[in-house]
> 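A single structure is presented below for examination.
We count residues from 1, following the sequence as given. Small disclaimer: the values here were computed from a predicted structure and weren't measured.
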Amino acid sequence: MSTESQLTRLGLFDAKVPRYTSYPTAPHFNASVDDGDFAGWIGQIEPGSQISLYIHVPFCRRLCWFCACRTQGTRSDAPVEAYLETLKTEIAMLGKRLPEGVTLSRLHWGGGTPTLMSADMMKQLTEAIFAVAPMHEKGEFSVEIDPNEIDEARLDVLARAGMNRASIGIQDFDPQIQSVIGRIQSYDITRDAVDLIRSKGITSLNADILYGLPHQSNERIAESVQKLMSLSPDRVALYGYAHVPWMARRQSMIPAEALPTPETRLKLYETAKELFLWDGYREIGIDHFARPDDGLARALDAGKLRRNFQGYTDDTAAALIGLGASSISRFPQGYAQNLSGTSDYTARVRDGRFATGRGHVFSDEDKMRSRMIEALMCDFHISTAEITETFGISKADLNAMFQEVADRFAGFIDLNNDGLTVPEHGKPLTRMIARGFDAYDLSKAGHSSAI
């Protein structure tokens with residue numbers, strides 16, 4: 001039986017599974033976690049430690065049809081200015097709760113389109129943040145940049161504030177595909193933005209590209225990847241497009257009949273992967289690639305690669321705090337997510353309260369399964385010694401868990417005294433294998449194709 005036939009038998013081309021950027025996944029959050037928990041968890045951060053901070057800006061000048069993020073369109077700056085005032089208030093509230101001496105190991109602005117803010121708004125935001133917690137001397141400040149929504153004045157503010165990594169969404173360079181997904185962004189505009197970013201001394205560059213888009217073919221994705229590589233990004237996220245119009249209504253604008261079949265999606269991924277590897281990139285987990293000297297590659301080699309809501313990371317801070325509408329925080333105690341609606345979020349903060357709307361408190365079993373899934377997603381290996389020593393489960397009970405999953409994916413998992421490993425030919429099944437360690441109801445909405 002061919003490998004593709006075996007993958008078909010195991011359900012790879014039909015399965016809907018989480019991306020496992022968290023465990024449990026966000027559909028399992030509930031209202032049992034509130035702003036009191038959030039404030040209490042902030043207060044339990046170790047004084048003098050490092051934290052990661054995420055700022056969400058949910059506005060875009062245009063709404064791309066492929067996007068399933070929580071965003072809203074605006075033609076004017078008025079709603080953005082009002083939102084910024086709320087953010088500044090929330091940041092100040094955070095500052096009153098943070099223990100002494102906390103610094104930022106990571107600061108990331110996402111969205112939406114954070115670069116639609118004016119230079120003055122960006123200056124206000126950076127000043128508000130650093131008044132509360134300065135960057136650690138080895139910290140990383142990154143911003144998601146829309147090449148259509150950036151100029152020298154805004155980049156000057158970001159560079160002076162210490163931004164040292166830029167992230168650019170590419171999706172695909174093919175004009176027909178761009179038209180169908182509602183994202184017009186030429187190669188020339190993208191290249192000019194990259195040149196401007198680097199001219200400001202910002203040398204680290206991330207890029208996102210999608211496979212599984214309508215009308216994509218091996219030839220078309222190969223051309224887009226080659227154009228992307230000409231920009232020499234340090235790391236690339238190669239994400240599979242998730243067509244979920246029941247969750248993101250704007251995706252109904254995309255013709256479903258033009259989407260590639262699941263089998264073709266796998267071939268598109270493999271085509272792009274081969275080109276990145278040929279150009280010297282290292283494969284990082286299931287959907288990232290990085291230059292050998294990038295922090296992700298070094299973290300992989302050191303066994304310190306981690307996974308969070310932004311994907312793969314080399315950040316090892318114990319707490320990631322998300323501010324802004326819909327932002328998710330991760331503490332050692334659990335997850336806390338802000339209210340998603342901008343108006344609800346604003347009303348809560350203006351009332352003098354944190355905007356936590358839901359979350360999840362970790363059980364001991366959650367922590368163990370979370371680490372097992374993260375280890376699979378990062379290293380394709382779960383260490384028996386690490387899990388038994390860290391979480392107190394007996395070797396017999398852990399081996400029973402391993403065996404159950406190994407039996408289900410016979411031929412695609414290696415099992416020995418060291419633990420469970422996914423070999424190279426089994427990597428397309430990684431998310432499905434991870435699902436085998438997920439103790440929660442998998443019928444929850446929001447999961448995407450396994451490839």
Side-chain angles (χ1 to χ4, degrees), residues 50-61 80 83-84 87-88 91 94-95 102-170 189-208 231-237 288 290-291 293-296 298-299 308-315 317 320-324 327:
Q50 298 177 50
I51 64 169
S52 185
L53 183 63
Y54 172 75
I55 304 291
H56 188 68
V57 181
F59 297 97
C60 295
R61 297 294 185 204
V80 186
Y83 182 80
L84 174 60
L87 260 182
K88 288 159 58 179
I91 292 166
L94 171 66
V102 170
T103 57
L104 302 179
S105 63
R106 296 291 186 277
L107 170 61
H108 184 73
W109 295 3
T113 307
T115 53
L116 61 65
M117 290 187 292
S118 68
D120 180 63
M121 284 190 274
M122 289 181 174
K123 185 172 184 292
Q124 291 182 51
L125 182 54
T126 56
E127 288 175 348
I129 292 168
F130 296 138
V132 163
M135 292 297 302
H136 186 269
E137 60 181 8
K138 295 182 180 180
E140 184 176 282
F141 176 14
S142 58
V143 176
E144 294 176 13
I145 293 176
D146 181 348
N148 292 292
E149 196 65 52
I150 194 64
D151 57 28
E152 191 161 7
R154 284 177 278 188
L155 273 175
D156 280 338
V157 169
L158 292 172
R160 283 196 295 267
M163 184 179 84
N164 50 15
R165 183 176 291 277
S167 183
I168 290 183
I170 305 294
I189 287 174
T190 307
R191 180 201 57 213
D192 291 347
V194 169
D195 289 345
L196 184 60
I197 289 166
R198 288 186 167 137
S199 74
K200 302 300 177 182
I202 302 161
T203 57
S204 297
L205 180 69
N206 297 2
D208 296 348
L231 304 176
S232 298
D234 297 271
R235 64 180 69 156
V236 177
H288 278 54
R291 293 292 188 190
D293 59 348
D294 183 79
L296 289 186
R298 294 196 301 270
N308 64 20
F309 292 103
Q310 281 85 58
Y312 289 102
T313 180
D314 53 353
D315 182 29
L320 185 160
I321 298 176
L323 302 182
S327 287

> Work out which heavy atom in Ala159 is nearest to a heavy atom in Ile202; give both atom names and the distance.
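Heavy atoms of Ala159 and Ile202 come nearest at CB-CD1, 4.2 Å.
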> Determine whether Thr103 and Glu137 satisfy the following criterion, side-chain contact (heavy atoms from CB on, under 4.5 Å), listing intermediate values before the conclusion.
CA-CA 9 Å; Thr103 57; Glu137 60 181 8; over 6 Å; no
> Taking it one step at a time, do Ile170 and Asp208 satisfy side-chain contact (heavy atoms from CB on, under 4.5 Å)?
CA-CA 6 Å; Ile170 305 294; Asp208 296 348; over 6 Å; no
> Salt bridge (charged side-chain N to carboxylate O under 4.0 Å, His left out) for Arg235 and Asp294? Distances and angles first, verdict last.
CA-CA 7 Å; Arg235 64 180 69 156; Asp294 183 79; 2.9 Å; yes
> Salt bridge check: are Lys123 and Asp156 linked by an N-O gap of less than 4.0 Å?
no
> Strictly distance-based, threshold 3.5 Å: is any side-chain N or O of Thr115 a donor or acceptor partner for the main-chain N or O of Ile150?
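No; judged by distance alone, with no hydrogens or angles, the pair does not exist.
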> The test is side chain to side chain donor-acceptor pair (under 3.5 Å); show your working for Ser105 and His136 and say whether it passes.
CA-CA 6 Å; Ser105 63; His136 186 269; over 6 Å; no
> Just one of His108, Arg165, Arg106 clears the side chain to side chain donor-acceptor pair (under 3.5 Å) bar with Ser142, so which one?
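Testing each of His108, Arg165, Arg106 against Ser142, the sole residue satisfying side chain to side chain donor-acceptor pair (under 3.5 Å) is His108.
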> Give a yes or no answer on whether the side chain of Asn164 reaches the backbone of Phe141 with a donor-acceptor pair at less than 3.5 Å.
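Looks like yes, one N/O pair under 3.5 Å.
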> Is it true that Asp315 and Ser52 share a donor-acceptor pair across their side chains at a distance under 3.5 Å?
yes
> As a test of understanding, state which of Leu84, Thr126, Leu116, Val57 forms a side chain to side chain contact (heavy atoms under 4.5 Å, CB included) with Met121.
Leu84
> Report the C-alpha distance between Val194 and Asp192 in whole Å, list the side-chain angles of each, state the deciding distance to 0.1 Å, and finish with yes or no for side-chain contact (heavy atoms from CB on, under 4.5 Å).
CA-CA 5 Å; Val194 169; Asp192 291 347; over 6 Å; no
> Would you say the ring centers of Trp109 and Tyr54 fall short of 6.0 Å from each other?
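For Trp109 and Tyr54, the ring centres are not under 6.0 Å apart.
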> Using side chain to side chain contact (heavy atoms under 4.5 Å, CB included) as the criterion, point out the one residue from Asn206, Val143, Ile197 that pairs with Ile168.
Ile197
> Between Thr113 and Asp146, does any side-chain donor sit less than 3.5 Å from a side-chain acceptor?
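Absent: no donor and acceptor within the cut-off.
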> Is the side chain of Arg298 donor-acceptor paired with the backbone N or O of Asp293 at a distance under 3.5 Å, no angle test?
yes
> Carefully, step by step, assess Asp195 and Arg198 under the rule side-chain contact (heavy atoms from CB on, under 4.5 Å).
CA-CA 5 Å; Asp195 289 345; Arg198 288 186 167 137; 5.6 Å; no
